[in-house]
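Shown next, in structure tokens, is the structure this report addresses.
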Amino acid sequence: MTMAAGNQMQVLIVGGGLSGLTAAGSLRDADIEPVVIESDETVDSESDRGVVVLWPEALTLLAELGVAVVDDDTASVVNTWTRREPDGTVTHRRESDTGGIVTLPYATLRQRLSEIVPEGAVQSGRTLQSVEVEDGFATATFANGVREQFDLVVGADGARSRTRALLGGPTLHQFGTQTWTFPLPAWQNQNEATEIWSREGIVFSALPAPEAGVGCLTLPEEKLRHRAKRQPVLTKLGDAREVLDWKLPTALDEVDETDVQAVADMQLATNVWGDRRIALVGDAAHVKHQLTGLGPTLAIEDAVALASELRHSDDTIQARVAEYISCRKARLDQLETVSSQALGDVETTVPGSYRSLLDIRNAQIEAHFPHSDHNSP
Ligand SMILES: Cc1cc2nc3c(=O)[nH]c(=O)nc-3n(C[C@H](O)[C@H](O)[C@H](O)COP(=O)(O)OP(=O)(O)OC[C@H]3O[C@@H](n4cnc5c(N)ncnc54)[C@H](O)[C@@H]3O)c2cc1C
């Protein structure tokens with residue numbers, strides 16, 4: 001067994017994704033030594049995660065950490081947001097005056113975050129197998145059988161978190177929808193995001209992104225039941241073509257089948273956040289549906305909050321973990337209870353199970369795109 005050495009607090013961060021790298025970067029220059037293990041062979045490889053959205057909550061934190069996400073053409077800024085009817089008629093147009101939201105490839109963001117992580121902190125190709133917490137330390141066992149002791153283990157290992165499973169946390173379950181993303185070449189170079197929530201529960205959004213825009217289409221599973229599993233994906237999306245005649249049919253005609261990515265619509269109850277010397281961050285602690293668009297932002301917020309607690313508190317590690325949990329639990333609980341007024345009329349057109357997603361979505365839009373223009377086409 002390898003023993004932790006010196007007086008520095010030894011922190012094992014399991015997962016070199018968005019939350020793990022943010023946590024490690026936030027601990028640099030502190031009297032804390034982070035070790036990030038990542039089961040992928042590298043953290044800067046091209047990833048098939050596509051494009052992620054960052055809300056101002058995350059952009060502010062990243063700017064404080066010195067992570068530049070909009071300094072070149074690898075990111076797009078969205079400062080106008082519209083909601084439309086399925087035929088394209090604008091029902092709401094809102095503008096941001098604070099820079100809006102940013103879209104960029106997951107792989108680019110991961111690369112930028114890895115630049116603020118202390119040199120040598122990331123150990124790629126290493127996988128956590130188990131953790132045992134005893135008095136005074138946490139012992140991690142890796143897939144190769146090596147055991148090491150740490151003061152704290154941070155589970156930043158994503159939606160299918162091993163760390164959460166070791167804590168006896170809940171498993172993921174399907175939301176009852178299926179989402180696909182695909183490039184939208186004609187959406188290039190615009191600063192507008194738009195979305196359509198149809199009465200039938202089909203949701204289509206179009207976002208600007210570097211190189212090509214991104215289309216994101218969500219269908220309730222009941223709309224897909226009559227489709228054979230092996231049907232080509234573009235055929236499966238036929239029902240959406242019938243409901244939405246704005247942009248979508250042309251986009252699907254133009255897209256190459258191999259560029260359409262399926263995203264699992266999962267959710268996870270937020271009820272296990274850690275235990276004594278283990279803390280969960282990001283998707284390991286909570287998985288939000290794609291339609292909220294908040295996964296990356298919440299992952300970054302969690303990581304900064306935990307690092308701040310570790311850096312600035314003199315309490316015991318257990319007390320710092322408890323304080324982190326209390327603060328983040330309050331943030332996630334608050335998200336579950338938001339309800340919005342200004343865009344509320346759309347609620348009547350979507351199925352009941354989408355209501356909470358739409359509420360979260362509307363609250364984010366109202367907060368960050370404050371200028372409303374109901375009369376603009
Ligand atoms: C396939 C996919 C597509 C997505 N598409 C979008 C999208 O289009 N838009 C959007 O906004 N959000 C999207 N998301 C969600 C978004 O990527 C997450 O919310 C965000 O990345 C959460 O950050 P995280 O650090 O918690 O997890 P991640 O970024 O997933 O990082 C977790 C890391 O842990 C590593 N890991 C896992 N287990 C172990 C282990 N036992 N030992 C060591 N390392 C381990 C993984 O390899 C991974 O690198 C997508 C998620 C997935 C899975």
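What's counted below: heavy atoms across the whole structure, side chains too, no hydrogens, waters or symmetry copies. Just follow the structure's listing: the first ligand is 1, and inside any ligand the first atom is 1.
A salt bridge links D40 with R110: the closest approach of a Lys/Arg side-chain nitrogen to an acidic carboxylate oxygen falls below 4.0 angstrom. Classification of E41 and R126 as a salt-bridged pair fails, no side-chain N sitting under 4.0 Å from a carboxylate O. Look at E134 and R277 and you find no salt bridge, because none of the NZ, NE, NH1 or NH2 atoms lies under 4.0 Å from a carboxylate O. Electrostatic pairing of E309 and R320 does not count as a salt bridge here, judged by no charged N lying under 4.0 Å from a carboxylate O. A salt bridge does not link E336 with R331: every distance from a Lys NZ or Arg NE/NH1/NH2 to an Asp or Glu carboxylate oxygen is 4.0 Å or more. The pair R328-D302 counts as a salt bridge, with a side-chain nitrogen and a carboxylate oxygen less than 4.0 angstrom apart. A salt bridge links R84 to E192: at least one charged side-chain nitrogen sits closer than 4.0 Å to a carboxylate oxygen.
The single protein non-hydrogen atom nearest to atom 35 (C) of ligand 1 is E38 OE1, 3.4 Å, given as residue, atom name and distance. Protein heavy atom closest to atom 24 (P) of ligand 1, with residue, atom name and distance, is S19 OG, 3.6 Å. In terms of protein heavy atoms, atom 26 (O) of ligand 1 is closest to D283 N, 2.7 Å. The closest protein non-hydrogen atom to atom 29 (O) of ligand 1 is Y106 OH, 2.5 Å. For atom 42 (N) of ligand 1, the nearest non-hydrogen atom of the protein is L128 N, 3.0 Å. Shortest contact from atom 45 (C) of ligand 1 to any protein heavy atom: S39 OG, 3.2 Å. Atom 17 (O) of ligand 1 has as its closest protein heavy atom R49 NH1, 2.9 Å. Atom 31 (O) of ligand 1 has as its closest protein heavy atom G17 CA, 3.3 Å.
In terms of polar-atom proximity, defined here as any N/O pair under 3.5 Å, R162 makes no such contact with ligand 1.
Residue contacts with ligand 1: G50 is excluded, as none of its non-hydrogen atoms falls under 4.0 Å. Within the 4.0 Å heavy-atom cutoff, R160 does not count among the residues contacting ligand 1. The closest approach between any non-hydrogen atom of K288 and ligand 1 is not below 4.0 Å. Taking 4.0 Å as the cut-off, A159 does not count as a neighbour of ligand 1 on heavy-atom distance. For the pair Q290 and ligand 1, a heavy-atom separation below 4.0 Å is found.
For ligand 1 and V14, the ligand atoms under 4.0 Å from any heavy atom of the residue are 40 (C), 42 (N), 43 (C). In summary, the atoms of ligand 1 found under 4.0 Å from a heavy atom of V53, numbered by their order in the structure, are 11 (O). Each of the atoms 22 (C), 23 (O) of ligand 1 lies under 4.0 Å from some heavy atom of A299. Listed by number with element, the atoms of ligand 1 under 4.0 angstrom from any heavy atom of G295 are 19 (O). Close approach of ligand 1 to I37 (heavy-atom distance below 4.0 Å) involves ligand atoms 43 (C), 44 (N). Set against the non-hydrogen atoms of R110, the atoms of ligand 1 under 4.0 Å away are 49 (O). Near G282, meaning under 4.0 Å from any of its heavy atoms, are these atoms of ligand 1: 26 (O). Against a heavy-atom cut-off of under 4.0 Å, G158 is close to the following atoms of ligand 1: 27 (O), 32 (C).
Ring geometry, F142 versus F150: the interplanar angle exceeds 60°, so the pair is classed perpendicular (tilted spans 30 to 60°). Using cut-offs of 30° and 60° on the angle between ring planes, the pair W55 and H368 is tilted. Classified by interplanar angle (parallel below 30°, tilted 30° to 60°, perpendicular above 60°), the ring pair F175/H289 is perpendicular.
The heavy atom nearest to atom 7 (C) of ligand 1, out of those in I300, V263, T127, V51, is found in V51. Nearest-heavy-atom check against atom 32 (C) of ligand 1 across G15, A156, A262, A303 picks out A156.
Contact between P208 and V78 at its shortest, heavy atoms only, is CG-CG2, 3.5 Å. When all heavy atoms of Q10 and D151 are compared, the closest pair comes out as N-OD2, 2.7 Å.
A side chain to side chain contact (heavy atoms under 4.5 Å, CB included) with R162 is found for one member of L167, D157, V131 and no other, namely D157.
In this structure, the separation between CD on E64 and OG on S308 is 10.0 Å, given to the nearest 0.5 Å.
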